[in-house]
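Read the structure below first, then the notes.
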Amino acid sequence: MKNFKHFAKQLLTWRLRFISGLVLAAVSALGLGVGLLSLGPALSLILDPENGKNLIQLAEEHNASNAFPSIPEGLISTLPEGRFDGVLFILIGLGGLTIFGGLANFLHQYISAWLAMHVVARARFKAFTHVLYMPVAKVARHGSSEFVSRIIRDAEALQVGLLVLMGRSVSQFTKGIVAFMVACVFDYRLVIIALIVLPVLVITLQVIGRRVNKGTRASLSAQQELLRISNEAVQGLKAVKVNTAESTIEREFEKENAQVVKSEMKVRVMRALSSPLMETLAILVLGTLAGIAAHSIIDGSLQFNRFLLSIGALAVAGSSLRPLAGLVTEIQAAEAPAARLMEILNASNEEDSGTAKMPTSFSKVAFQNVSFTYENKDVPAVNSFSAEISAGERVAVVGPNGSGKTSLVSLIPRLLSQQEGSIFLDNTNINDIGLKELRTHVGVVTQETVLFHGTIADNIRFGTNASDEEVRAAANYAHADEFIAELDGGYDSLVYEQGKSLSGGQRQRIAIARVLLRNPSIMIFDEATSQIDAESEAFIADTLEKYSKGKTVFVIAHRMSTVQNADRILVLDEGKLVGNGTHQELLDSCDVYRRLTETQLITAMPNA
């Protein structure tokens, strides 16, 4: 339970509220205890009509016996003399105590819910923020669904455990303990018998708790996989349909769905088992107590009314403590989601020890024996790569699929971090530059353009505080202003999820406008023209020609026109640099490049 305890301790962040909640729970329980204790005088007034005593006489006898606590004389003088008036006095007092205790219980539950929700909200925010600063490679390897599932679903499951811990558990426990103490006041001998079952109760709860924890972790993992399948199928619905893969997805979903049911049933069985076990123990204890009490009443060593009061108080204590069995299992169940959240919070962030500023100007970008290997892979994606790119050059990076092109350019903004070698801007190692500083000066346009829910203007200024005029200027540079003006709402038009309301070329031009707005020193286009029409490609080529002058540009391309317009071409094969030169030079000297021009590099075709 160490992970759940980590989050439970955070309830103390709001110490005053935490203490207030406990005090209110105690006040509510004390109201119950006073009510149980007052039943003794009430029974004396009602059950003995001939020799019964009024409240004043009962109070004076109580003080004369030196019993604790002593009743002040001033309070005794305010008690009614009549026996019926005494009964009414007690009943009215019990009603007042009930209202007061109910109010205290409500406030305790409210504070408990406030604390639990704020602890979970903070944990959810920390987990989400932590993922934002985790290495891209690690997030990509595990998949977005896993992290989303933990941040949302696991946080929700953790909240249930904290609510139970601070809310119902404290309430039931304090009431049970107070009722138990009242039972001791009436007859301690009967209470001793009840304590015999305590070790059995503890052991039973531990066994059930461990099984619930194990089952909950399995259930959360299965739900995470179910979320992944659902996301992939819905987001890739076109691919599912055109490949007639509906039945394949159905089988995968059904398999994981069955696993969720299986894991959930294990948890539910354990939770369901806890209640009857506790009830069985309670019946055995009460039966034993009744037998002992009957013998004591017959031989005159125990008064019948005190027996009733003691059994009644124990019954109240039992009814208050019995739900703790189920509540403990709910708390145990919260350990699994707490552990999964802690795995995120304990994961390493991107290394960012750099303090140097980005050079205001540099003459070259130098790769020196750079190698990068993905985790759990044996073959390097980039292997001993060395090259020097002059500032202001436009460089095309080409190679067969899987040759390491995207991995190479991802090393420049440190989306990936090489294990060997270095990348320099003149004499400045990019690892010595702060991440935010570096990425502010490196603009990246990817093949899969990412647009966010919001207006087109918000998507262009994403990550900046640019004015509307600056946004429009960047859109104009990227040849996006014309189609934006034709949309209902213009720059205030809402973008659908993943930008589905726009064509591929429109999305790319918005992404390019986003990059141009930041005016970076280095620009990276990762297959930015591979999935767009010839007209959009022409617009993007014009943008590159006009607004990338003086900037160092890396272009991963499959279009022959884009490659031929580059100042230099780098050819990769299995992560190694196998060609470096102009189009004609590589045709004469590089077999890999010749094969690419014949098989993979696309010649743009006019619109039909």
Side-chain angles (χ1 to χ4, degrees), residues 135-138 348 350-375 377-400 402-444 520-527 548 550-557 563 566-582 585-586 589-590 592-593 596:
V136 171
K138 184 168 186 177
S348 57
E350 290 179 297
E351 294 184 10
D352 187 16
S353 57
T355 57
K357 293 291 185 180
M358 183 83 171
T360 53
S361 63
F362 53 89
S363 62
K364 63 181 179 181
V365 180
F367 297 82
Q368 297 183 357
N369 295 315
V370 173
S371 294
F372 171 78
T373 305
Y374 286 97
E375 193 172 334
K377 296 288 185 180
D378 298 326
V379 179
V382 179
N383 192 353
S384 300
F385 180 89
S386 295
E388 287 190 2
I389 313 301
S390 298
E393 267 195 303
R394 190 191 307 174
V395 178
V397 183
V398 301
S403 60
K405 303 182 294 296
T406 297
S407 299
L408 176 67
V409 298
S410 296
L411 295 173
I412 299 171
R414 289 169 58 192
L415 296 175
L416 302 175
S417 296
Q418 69 270 16
Q419 290 91 10
E420 297 178 15
S422 302
I423 303 174
F424 288 90
L425 303 178
D426 287 343
N427 296 320
T428 303
N429 191 319
I430 64 168
N431 289 339
D432 296 332
I433 304 173
L435 275 177
K436 187 172 183 179
E437 171 76 9
L438 175 66
R439 290 170 183 171
T440 299
H441 294 84
V442 179
V444 181
S521 304
I522 299 173
M523 299 175 67
I524 298 172
F525 292 82
D526 186 356
E527 301 194 63
S548 65
K551 303 180 187 301
T552 307
V553 180
F554 292 85
V555 181
I556 297 177
V563 173
D567 299 317
R568 185 144 43 113
I569 304 167
L570 302 178
V571 185
L572 293 181
D573 189 23
E574 296 182 351
K576 296 180 180 180
L577 181 65
V578 296
N580 184 351
T582 64
E585 289 172 346
L586 292 172
S589 63
C590 182
V592 174
Y593 184 73
L596 287 173

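- Residues Asn431 and Ser422 form no side-chain contact, since every pair of their non-hydrogen atoms from C-beta on lies 4.5 Å or further apart.
- Under the side-chain hydrogen bond (donor to acceptor under 3.5 Å, both in side chains) criterion, Glu351 pairs with no residue at all, not counting sequence neighbours.
- Residues that satisfy the salt bridge (Lys or Arg N to Asp or Glu O under 4.0 Å) test with Glu350, not counting sequence neighbours, are Arg439.
- His441 approaches Pro520 most closely through the heavy-atom pair O-CB, 3.4 Å.
- Taking CG of Asn383 as the start and CD of Glu420 as the end, the distance is 8.5 Å to the nearest 0.5 Å.
- Checked by atom type and distance alone, the side chain of Lys405 never pairs as donor or acceptor with a backbone atom of Val555 at under 3.5 Å.
- Residues meeting the side-chain hydrogen bond (donor to acceptor under 3.5 Å, both in side chains) test with Ser521, sequence neighbours left out: none.
- Expressed to the nearest 0.5 Å, how far OG1 of Thr552 lies from CD1 of Ile522 amounts to 5.5 Å.
- By the side-chain contact (heavy atoms from CB on, under 4.5 Å) test, Thr428 pairs with Pro359, Ile433, sequence neighbours left out.
- Rounded to the nearest 0.5 Å, atoms OG (Ser386) and CD (Gln368) are 7.0 Å apart.
- Across Val442 and Ile524, no two heavy atoms sit closer than the pair CG1-CD1, 3.9 Å.
- For Ser417, the side-chain contact (heavy atoms from CB on, under 4.5 Å) test picks out no residue, with sequence neighbours left out.
- Side-chain atoms of Ser371 and Val382, non-hydrogen and from C-beta on, never get closer than 4.5 Å to each other.
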Below 3.5 Å, can you tabulate the donor-acceptor pairs from side chains in residues 566-579 to any protein atom, sequence neighbours excluded?
| residue | atom | partner | partner atom | Å |
| --- | --- | --- | --- | --- |
| Asp567 | OD2 | Arg394 | N | 2.8 |
| Arg568 | NE | Glu393 | OE2 | 3.3 |
| Arg568 | NH1 | Glu388 | O | 3.2 |
| Arg568 | NH1 | Asn580 | OD1 | 3.2 |
| Arg568 | NH2 | Glu388 | O | 2.6 |
| Arg568 | NH2 | Glu393 | OE1 | 2.7 |

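- In this structure, CG in Leu416 is found 10.0 Å from CG in Leu408, a value given to the nearest 0.5 Å.
- Evaluation of the ring-ring contact (aromatic ring centres under 6.0 Å, His included) test over residues 378-399, restricted to residues two or more places apart or in two chains, returns Phe367-Phe385.
- Legend: residues meeting side-chain hydrogen bond (donor to acceptor under 3.5 Å, both in side chains) with Ser589, ordered by chain and number and at least two apart, are absent.
- Atom CG of Asn369 sits about 12.0 Å away from atom CD1 of Ile423, to the nearest 0.5 Å.
- Taking CD1 of Ile412 as the start and CG of Leu425 as the end, the distance is 9.0 Å to the nearest 0.5 Å.
- Applying the salt bridge (charged side-chain N to carboxylate O under 4.0 Å, His left out) test to pairs two or more places apart or on separate chains, none has a residue in residues 406-415.
- Pro400 approaches Ser403 most closely through the heavy-atom pair O-OG, 2.8 Å.
- Scored by the side-chain contact (heavy atoms from CB on, under 4.5 Å) test, Lys377 finds Thr373, Tyr374 as partners (sequence neighbours excluded).
- For the side-chain hydrogen bond (donor to acceptor under 3.5 Å, both in side chains) test, residues two or more places apart in sequence or in another chain that qualify with Asp426 are Ser363.
- Annotation: side chain of Met523 is not in contact with side chain of Phe554 (no heavy-atom distance under 4.5 Å).
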